[in-house]
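Worksheet: one structure, shown below.
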There are 2 protein chains.
Amino acid sequence: MSDTPPCCPPPRDPIDGMPDDAIADAEFAALAKALGHPARVRILRLLVRKNACICGDIVDELPLAQSTVSQHLKILKDAGLVRGEIDGPRTCYCVEPAALRRLSALLDALSGCAGASRPAGEKAKEE
Amino acid sequence: MSDTPPCCPPPRDPIDGMPDDAIADAEFAALAKALGHPARVRILRLLVRKNACICGDIVDELPLAQSTVSQHLKILKDAGLVRGEIDGPRTCYCVEPAALRRLSALLDALSGCAGASRPAGEKAKEE
DNA sequence: GTCGCTCATCGTCGATGAACGATATACCCC
DNA sequence: GGGGTATATCGTTCATCGACGATGAGCGAC
């Protein structure tokens, strides 16, 4: 918790009519959903611990079939939490620290807006 | 992995033969799964913003049926992210800050342990 | 070229999730 | 006690997830 930016992050890119909160909700939910399975958390932990890992090593570490692990890796990659680089016949996976930081920031924004600082003038969207 | 850097939280209650990492994985995954739906993130944000909220207000705020919202609230409550107090004929929900802090700690432990076991001193906190 | 290895994708099956309407329960007010 | 409101739960339907084995595609070694 070093330099905590102002409570709520600035508005992101407006997609259509969605308020930025809804965008943040969707983004947060997508990241959380990708981490909503113990195997995927474990994969992420493995990658963090070794900084990078061959897919085969991950398969070797988990009690799951290779295709299942590949599926989980795809989900993590689609969520942007992990990056895969093809290295010859194998694929080297590594975590995407920015995604973890982003998730942490979203979580801070979610819980931080409550107890930490209570701005007197809430922004829009209120009743 | 024998040495426990100051970053990683102390071991939790050992359930059966599970290593504490597996427990943390399961706990993290359970919390993340509960937040893996935009409606639930939105509910949590609502509760955080108003600090507490009657179920009816939440139903009023979301484009979902009352039963669906109740289901989402149950999921959040089962995950320990939310607490519901029966207040006369209605139910008043409020966030459980400890759960959010716990999630934040688990997330830090996940991404932070990388920096700890890495020789480099990057704490991944700067933007 | 061919073989062997590594990984991704496909197809399938059972389990779970998400949504709804209908119904049951608890409470306050009269 | 009866009526009205607020919430939880039940049962159903459709979509998605999680797991697997089998197959296909890319690459290095021979």
Side-chain angles (χ1 to χ4, degrees), chain A residues 22 25-26 28-47 50 52-96 127, chain B residues 22 25-47 50 52-96:
Chain A
D25 288 353
F28 190 102
L31 287 171
K33 190 174 191 178
L35 289 175
H37 194 286
R40 290 197 286 270
V41 179
R42 183 161 173 193
I43 289 174
L44 210 64
R45 186 189 304 278
L46 274 174
L47 291 182
K50 317 180 100 172
C53 208
I54 301 301
C55 173
D57 294 351
I58 305 173
V59 173
D60 215 44
E61 199 82 24
L62 300 189
L64 293 173
Q66 176 265 329
S67 56
T68 306
V69 172
S70 193
Q71 191 93 359
H72 282 309
L73 282 167
K74 179 177 167 55
I75 291 172
L76 287 173
K77 194 165 57 176
D78 285 348
L81 284 161
V82 144
R83 196 176 9 172
E85 294 170 18
I86 296 176
D87 172 30
R90 48 205 110 202
T91 307
C92 178
Y93 283 95
C94 59
V95 292
E96 187 75 68
E127 66 270 310
Chain B
D25 287 354
E27 187 182 1
F28 189 104
L31 287 171
K33 192 175 190 176
L35 289 174
H37 194 286
R40 290 197 286 270
V41 179
R42 184 162 172 191
I43 289 173
L44 210 66
R45 186 190 303 279
L46 274 174
L47 291 181
K50 316 180 101 170
C53 207
I54 301 301
C55 174
D57 294 349
I58 304 172
V59 173
D60 215 45
E61 199 82 24
L62 299 190
L64 294 172
Q66 177 265 330
S67 56
T68 306
V69 173
S70 192
Q71 191 92 0
H72 282 310
L73 282 167
K74 178 176 167 54
I75 292 172
L76 286 172
K77 193 164 59 176
D78 284 349
L81 284 161
V82 143
R83 195 175 10 169
E85 294 170 16
I86 297 176
D87 172 30
R90 48 205 111 200
T91 308
C92 179
Y93 283 95
C94 59
V95 292
E96 186 74 68

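Side-chain atoms are counted along with the backbone in the values below, which use heavy atoms only and exclude waters and symmetry mates. Labels below follow one simple rule: chain letters A, B, ... track the order of the sequence lines, proteins then strands, and each chain is numbered from 1.
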Distance in angstrom units between B:Gln71 CD and C:dC20 P, rounded: 11 Å
Nearest to the B:Thr68 side chain among C:dC7, D:dG18, C:dA19, which nucleotide is it? C:dA19
Find the distance B:Leu73:CG to C:dG17:C1' and express it as a whole number of Å. 16 Å
Closest approach of B:Leu73 to B:Cys55 (non-hydrogen atoms, all atoms of both residues): CD1-SG, 3.9 Å
Can you find a side chain N or O atom of A:His72 that sits less than 4.0 Å from OP1 or OP2 on D:dA19? yes
Can you tell me if the side-chain N/O atoms of B:Ser70 get under 4.0 Å from OP1 or OP2 in D:dT7? no
Rounded to the Å, how far apart are B:His37 NE2 and C:dT16 P? 18 Å
Side-chain N or O of B:Tyr93 closer than 4.0 Å to phosphate OP1/OP2 of D:dA6: no
Closest non-hydrogen contact found for B:Arg40 with B:Lys33 is NH2-O, 3.4 Å
Whole angstrom value for the distance that separates P of D:dA6 from CD of B:Glu85: 19 Å
Send over the distance from B:Asp87 CG to D:dT5 P, rounded to a whole Å. 18 Å
Identify whether any heavy atom of A:Ile54 sits under 4.0 Å from a base atom; if not, whether one sits that close to sugar-phosphate; answer base, sugar-phosphate or nothing. sugar-phosphate
So if I take every side-chain heavy atom of A:Lys74 and compare against C:dC20, D:dT7, C:dT9, which nucleotide ends up nearest? C:dT9
The side chain of B:Leu64 lies closest to which of these nucleotides: C:dC20, D:dT7, D:dC20? C:dC20
Are there any protein N/O atoms within less than 3.5 Å of an N/O atom in nucleotides 24-29 of chain C, and if so, which ones and at what distance?
none

Looking at every heavy atom in both A:Ala39 and A:Leu64, which two are closest together, and how far apart are they? CB-CD1, 4.0 Å
Quick check on C:dT16: is either OP1 or OP2 less than 4.0 Å from any side-chain nitrogen or oxygen of B:Lys33? no
The residue, A:Ser67 or A:Arg40, whose nearest nucleotide of DNA chain D is more 5′ is A:Arg40
Euclidean distance, atom CG of residue A:Asp78 to atom C1' of D:dC17 [Å, nearest integer]: 14 Å
Between B:Cys55 and A:Gln66, which residue's closest nucleotide on DNA chain D lies nearer the 5′ terminus? B:Cys55
Check every atom of D:dG18, C:dT6, D:dT7 against the side chain of A:Arg90 and return the nucleotide holding the closest atom. C:dT6
Minimum side-chain heavy-atom gap B:Ile58-B:Leu47 below 4.5 Å: yes
Nearest-Å distance, CG (A:Leu62) to P (D:dG18)? 14 Å
Considering all heavy atoms, the nearest A:Arg83-A:Val95 contact: NH2-O, 4.4 Å
Interatomic distance, NZ@A:Lys50 vs CZ@A:Arg45, rounded to 0.5 Å, equals 14.0 Å
Quick one: NE2 on B:His37 to CD1 on B:Ile75, what's the gap to the nearest 0.5 Å? 8.5 Å
Here the pair of heavy atoms bringing B:Ala79 nearest to B:Ala34 is CB-CB, 3.5 Å
Can you tell me the distance, in whole Å, between the NZ atom of B:Lys77 and the C1' atom of D:dT9? 12 Å
